[in-house]
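Step one of this worksheet: look at the structure below.
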Amino acid sequence: QVQLEESGGALVQPGGSLRLSCAASGTDFKIYTMGWYRQSPGSQRTLVAALTGGGRTMYTESVVGRFTISRDFDTKMVYLEMNNLKPEDTAVYYCHADYMGWGATVFWGQGTQVTVSS
C-alpha cells in the first residue's frame, strides 16, 4: 500500500500564505497523478489541484492564480503552495494519489487542517 502523509496546515490570516507538503512512499511515484483535495464540515470533498506525472496541472477555478501544485520526483514529495488565502479556503486538505490517473487505484493521506481567519 502506498502511504501519503500531509503536513504544513496551520492557522493563517486572510491574505497569508502556506505551503502544504505530502510525503509519498512506495514505488512508481512518477506515473501517479497526484492531487490535493479539501473538505469542510458538512461539505463534500472536492478537488483543489492535480498534477500528472507528465507535468499537466489542473486547478479548481476558485484557486487559479493563488495556488500552485508541484512535485519532486527525487524525494517523492508533493507540495501545494497557497497564496492570498481566503476564509473560504478553510478546510482539511488531503493528499491524493491516482495510479495512472485512471481513478481505479487511489490512495489518501490523513489530512491537514488549514484555517484562514483573522
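These numbers come from a predicted model, not from an experiment.
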Of all heavy-atom pairs between [X] and [Y], which one has the smallest distance, and what is that distance?
X	Y	value
Met100	Thr33	C-OG1, 4.5 Å
Phe67	Tyr59	O-CE2, 3.3 Å
Ser17	Asn83	OG-OD1, 2.9 Å
Ser118	Pro14	N-CD, 3.6 Å
Gly111	Glu6	N-OE1, 2.9 Å
Leu4	Ala24	CD2-CB, 3.7 Å

### Task
Please indicate whether Gln44 has more than 12 foreign heavy atoms, meaning atoms of other residues, nucleotides or ligands, lying under 6.0 Å from its CD.
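Incorrect, the count does not exceed 12.
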Using a 4.5 Å cut-off on heavy atoms from C-beta on, say whether the side chain of [Y] contacts that of [X].
X	Y	result
Glu5	Gln110	yes
Thr90	Val114	no
Thr68	Met82	no
Thr112	Val92	no
Trp36	Cys95	yes
Val78	Ile69	yes

### Intermediate values then yes/no, side chain to side chain donor-acceptor pair (under 3.5 Å), Gln113 and Thr115
CA-CA 6 Å; Gln113 177 71 49; Thr115 303; 3.3 Å; yes
### Query
Are Arg71 and Lys76 close enough, and set up right, to give a side-chain contact (heavy atoms from CB on, under 4.5 Å), and what steps lead you there?
CA-CA 7 Å; Arg71 66 198 295 171; Lys76 298 183 175 61; over 6 Å; no
Single-linkage hydrophobic cluster [X]~[Y], side-chain heavy atoms < 4.5 angstrom:
X	Y	value
Val2	Ile31	yes
Trp108	Met34	no
Tyr37	Tyr79	no
Val64	Met58	no
Val63	Tyr94	no

Tell me which donor-acceptor pairs under 3.5 Å the side chains of residues 45-55 have, and how far apart each pair is, sequence neighbours excluded?
residue: Arg45; atom: NE; partner: Gln39; partner atom: OE1; Å: 3.2
residue: Arg45; atom: NH2; partner: Gln39; partner atom: OE1; Å: 3.3
residue: Thr52; atom: OG1; partner: Gly54; partner atom: N; Å: 3.3
residue: Thr52; atom: OG1; partner: Gly55; partner atom: N; Å: 3.3
residue: Thr52; atom: OG1; partner: Arg56; partner atom: N; Å: 3.0

### Task
For Tyr32, enumerate each residue passing the ring-ring contact (aromatic ring centres under 6.0 Å, His included) test, keeping only those at least two apart in sequence or located in another chain.
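ring-ring contact (aromatic ring centres under 6.0 Å, His included) check on Tyr32 returns Tyr99.
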#### Entry: OG on Ser62 to CZ on Arg38, rounded to 0.5 Å
4.5 Å
### Summary
So OG of Ser21 and CG of Leu80: to nearest 0.5 Å the spacing works out to 9.5 Å
#### Entry: Working for side-chain contact (heavy atoms from CB on, under 4.5 Å), residues Ser117 and Leu11
CA-CA 7 Å; Ser117 177; Leu11 173 64; 4.3 Å; yes
